[in-house]
Student: 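Structure incoming, see below.
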Amino acid sequence: MPRLLLLLLILLTPLSHADPVVDEAMGLARLGAADLALAILDRHPPDRLTHPDRWMARERARLEILGMEQRWQGVVDRAARLPAGLPREFLIWARTREAHALLSLGRGEAARSVLRDLIWFSGDAVSEAWLDAWRGMLAESYWQDGLGDDALSTLRRWRQDRGEAAQIPLQLEARVLLDQGQGEEAAHILERETGHEARALRALALLRTGSRPAEDLHRSMTQAAATADLPAPDRARYLAVAALAAAETTDLARRVEALERAFAVQGRLPREEQMLRLDKDALWLAYLDLGESLGNERQLLIGDDDAWFALADSLGSRSRIQARALFAVVGVRGVDPEGRATAHRRLGESLLDRDDGAELMDVLYLEGGRFPTPEDVPAPVRHLLAEHAVDRGDLDTASRLMAGLSRPPEGVDGFEWGLRRARVLILGGQEEAGIDALYDLLSGVRQFDAERADRFLQVLFDLQTLRRHDAAVHLFRAVAPRLTDARQAREVLYWEADSHQALGQHEEAARLYLRSAGLGDGPWDPWGMTARFQAAGALAEAGHVSDARALYLDLLRVTREPERRVLLRQRLQQLDLR
């Protein structure tokens with residue numbers, strides 16, 4: 001829920017002192033370079049006592065940038081460290097920012113402590129606009145903590161004190177009233193609001209009071225969600241209300257369809273929008289209700305998996321919702337483990353036919369209570385979920401999903417799957433498991449063709465990036481006898497040398513660099529020259545200065561590029577200094 005009044009106050013409060021450093025930092029932050037902006041503010045900080053205006057302008061900019069990035073804990077920590085003796089106006093702004101951050105972190109009690117200080121100790125010295133902002137945040141903190149009576153009392157006292165001038169956010173008041181079971185009053189106050197958020201909340205109020213038929217509300221909310229160019233949070237609100245309305249009807253298929261649509265976009269709801277968050281297990285329950293109803297109509301027995309699968313196959317592409325419901329029944333209620341696994345796989349594959357199917361799979365298998373951890377998810381689905389987790393960059397979840405799997409899914413190339421599994425484990429923090437997976441792959445390979453060898457080596461480069469050079473060395477050595485491509489054999493020596501160099505094993509690194517150089521078509525091909533250059537550096541690190549000098553001089557004799565000749569002369573000068 002946007003705290004519009006507070007944000008307006010923040011935007012309308014000007015910086016107290018013109019400062020080009022602040023201007024540059026704010027510009028960089030708006031372009032997405034927040035860390036760089038904060039670093040610029042930290043350079044050469046002005047003395048607070050000598051230049052108080054400049055110091056406060058930079059401090060304010062820092063708090064604003066942290067807020068722009070939603071680094072709420074950073075805002076709280078910074079505000080808590082403000083020194084004593086600052087001007088009253090600045091402290092009011094900063095402490096208000098702190099309260100806003102605490103609310104964003106869901107720490108209502110801590111926010112109230114800050115707000116009470118602001119309200120009680122500011123007295124008549126502040127504008128009514130500040131007092132309105134604090135009262136609104138105080139009410140929100142109560143509501144956030146489930147103290148609806150206190151939230152409602154705060155809002156009513158605010159209206160009593162300020163009358164028509166009270167700038168009470170109606171969406172907040174409506175939420176409080178809904179929580180207190182006063183849906184009719186909530187619907188009434190929202191009649192004056194025309195925005196999407198207000199419309200969704202009013203529909204929820206009408207649903208809870210039974211003032212409009214659930215079928216009508218489901219239809220109107222579904223149509224509203226289809227509005228062109230609708231912001232994603234508003235679409236999520238409309239679809240959540242549509243799903244809640246569908247749950248009040250007797251049409252089980254409509255209920256499932258509405259939940260699928262709603263859950264696909266639940267992640268777009270603002271974090272504080274708890275009122276419209278659906279029960280994570282609601283979709284499972286809806287599938288089971290619909291599937292069992294279909295099974296009862298056909299007199300199917302639990303345990304006769306083939307009959308359930310046959311019914312699902314007979315429904316055709318227009319009845320995929322019903323098919324998914326049947327798969328859910330077998331997957332959850334089935335007796336045979338193999339049948340349950342097949343049902344989960346087919347449910348997952350059916351969902352992935354939808355554009356938003358991956359999001360629905362996350363809801364079903366990773367976010368509800370039916371499968372408490374990724375390790376509890378049925379193996380056939382874990383393969384599908386892991387692919388989606390990799391695609392969205394969640395390597396931790398992907399590695400946990402992959403960790404207990406030892407066989408590829410049906411119809412998937414074992415080597416490609418095993419290599420992907422190893423890489424996901426390594427990048428997801430389970431490095432030892434990933435390294436073991438690489439050795440398992442090697443145990444089944446006598447010779448590598450060039451393409452597969454190249455993909456295997458890419459995973460070893462990941463190990464090097466993670467500074468697991470010890471493991472990389474052993475794997476490079478294990479790969480080398482299996483290579484059929486001479487170019488790759490030469491490169492593997494070079495990459496292994498890199499790991500020895502990183503481990504401080506400079507003599508071994510130099511030896512391997514020189515072996516790599518000597519395997520080319522001639523001693524002075526580009527790869528060979530690069531390898532000899534690296535070997536010279538390793539020899540110098542190992543204390544073999546004469547050998548390093550000889551290599552650099554040889555390279556200087558055959559090198560024609562001016563830039564490289566300058567670099568070689570610099571290296572020779574460094575050796576002279578030794």
Side-chain angles (χ1 to χ4, degrees), residues 423 426-427 431-432 434-435 438-439 442 447-448 450 452-578:
R423 188 162 195 248
I426 289 168
L427 296 180
E431 295 169 17
E432 295 302 328
I435 291 166
L438 291 174
Y439 279 112
L442 284 177
Q447 284 190 327
F448 272 123
R452 286 196 166 186
D454 185 64
R455 287 202 288 276
F456 192 92
L457 291 173
Q458 294 299 319
V459 184
L460 303 195
F461 300 154
D462 291 332
L463 285 174
Q464 289 180 312
T465 301
L466 294 171
R467 302 182 185 277
R468 288 303 307 270
H469 293 287
D470 52 345
V473 163
H474 292 297
L475 283 161
F476 279 126
R477 290 177 179 173
V479 167
R482 294 170 167 83
L483 297 175
T484 58
D485 184 282
R487 175 188 59 82
Q488 287 178 329
R490 185 187 197 193
E491 292 174 356
V492 162
L493 290 171
Y494 186 99
W495 305 130
E496 183 188 341
D498 277 351
S499 285
H500 282 290
Q501 184 80 327
L503 291 167
Q505 299 164 357
H506 303 299
E507 284 189 354
E508 183 63 15
R511 187 179 71 83
L512 292 170
Y513 283 133
L514 290 171
R515 283 184 60 193
S516 179
L519 289 179
D521 297 331
W524 303 114
D525 69 310
W527 183 277
M529 292 177 69
T530 301
R532 289 162 75 88
F533 180 83
Q534 294 294 103
L539 288 167
E541 292 290 338
H544 301 303
V545 176
S546 296
D547 290 345
R549 174 183 292 279
L551 283 173
Y552 284 138
L553 287 171
D554 282 344
L555 287 167
L556 191 59
R557 279 193 289 271
V558 299
T559 299
R560 295 291 174 262
E561 294 85 350
E563 296 84 358
R564 293 187 179 183
R565 291 179 64 84
V566 170
L567 178 59
L568 288 167
R569 289 195 182 98
Q570 289 174 344
R571 291 299 178 90
L572 285 167
Q573 289 172 358
Q574 291 170 5
L575 291 180
D576 289 339
L577 293 174
R578 293 197 178 195

Student: May I ask you to decide if Pro526's main-chain N or O and Thr530's side chain share a donor-acceptor pair within less than 3.5 Å?
Tutor: yes
Student: With the side chain counted from C-beta on, respond yes when Trp527 and Arg487 share a heavy-atom pair under 4.5 Å apart, and no when they do not.
Tutor: no
Student: What distance do Leu427 atom CG and Asp462 atom CG have between them, rounded to the nearest 0.5 Å?
Tutor: 4.5 Å
Student: Would you find a donor on one side and an acceptor on the other, under 3.5 Å apart, between the side chain of Arg565 and the backbone of Leu556?
Tutor: yes
Student: Evaluate salt bridge (charged side-chain N to carboxylate O under 4.0 Å, His left out) for Arg511 paired with Glu507, printing each intermediate quantity in order.
Tutor: CA-CA 6 Å; Arg511 187 179 71 83; Glu507 284 189 354; over 6 Å; no
Student: Can any side-chain N or O of Thr484 pair as donor or acceptor with the backbone N or O of Phe448 at less than 3.5 Å?
Tutor: yes
Student: Residues in side-chain hydrogen bond (donor to acceptor under 3.5 Å, both in side chains) with Glu432, at least two apart?
Tutor: Arg468
Student: Calculate, to the nearest 0.5 Å, the distance between atoms CG and CZ belonging to Leu553 and Arg569 respectively.
Tutor: 11.0 Å
Student: Looking at Arg490 and Ala517, would you say the former's side chain and the latter's main chain have a donor-acceptor pair under 3.5 Å?
Tutor: yes
Student: Is any side-chain heavy atom of Phe456 closer than 4.5 Å to a side-chain heavy atom of Leu442?
Tutor: yes
Student: Work out which heavy atom in Leu460 is nearest to a heavy atom in Ala472; give both atom names and the distance.
Tutor: O-CB, 4.4 Å
Student: Can you tell me which residue pairs pass the ring pair (Phe, Tyr, Trp, His ring centres under 6.0 Å) test with a partner in residues 555-578, sequence neighbours excluded?
Tutor: none
Student: Once rounded to the nearest 0.5 Å, what's the spacing between atom CZ of Arg515 and atom CG of Leu493?
Tutor: 5.0 Å
Student: How long is the span from the CG atom in Leu577 to the CG atom in Leu572, to the nearest 0.5 Å?
Tutor: 11.0 Å
Student: Decide if atom CZ of Arg455 counts as having more than 12 heavy atoms of other residues, nucleotides or ligands within a radius under 6.0 Å.
Tutor: yes
Student: Side chain of Gln488, backbone of Ala450: donor and acceptor closer than 3.5 Å?
Tutor: yes
Student: Which value, rounded to the nearest 0.5 Å, describes the distance between Leu539 atom CG and Leu575 atom CG?
Tutor: 10.0 Å
Student: Answer yes or no: is there a side-chain heavy-atom contact under 4.5 Å between Leu555 and Trp524?
Tutor: yes
Student: With a 3.5 Å cut-off and sequence neighbours excluded, list the donor-acceptor pairs that the side chains of residues 495-503 form with protein atoms.
Tutor:
from, atom 1, to, atom 2, distance (Å)
Glu496, OE2, Arg477, NE, 2.9
Glu496, OE2, His500, NE2, 3.2
Asp498, OD1, Tyr513, OH, 2.4
Ser499, OG, Gln464, NE2, 2.9
Ser499, OG, His469, ND1, 3.0
His500, ND1, Gln505, OE1, 2.5
His500, NE2, Arg477, NH2, 3.4
Gln501, OE1, His506, ND1, 2.8

Student: Does Val459 reach the side chain of Leu475, with side-chain heavy atoms less than 4.5 Å apart?
Tutor: no
Student: Partners of Asp485 by side-chain hydrogen bond (donor to acceptor under 3.5 Å, both in side chains), sequence neighbours excluded?
Tutor: none
Student: Once side-chain hydrogen bond (donor to acceptor under 3.5 Å, both in side chains) is applied, do any residues pair with Gln458, and if so which ones, sequence neighbours excluded?
Tutor: none
Student: Measure the spacing between CD of Glu561 and CG of Leu568 and express it to the nearest 0.5 Å.
Tutor: 10.0 Å
Student: Can you see which heavy atom on Ala540 is nearest to which on Ala548, and at what distance?
Tutor: N-CB, 3.9 Å
Student: Hey, could you give me each pair passing ring pair (Phe, Tyr, Trp, His ring centres under 6.0 Å) that has a residue in residues 546-578? Not counting sequence neighbours.
Tutor: Phe533-Tyr552
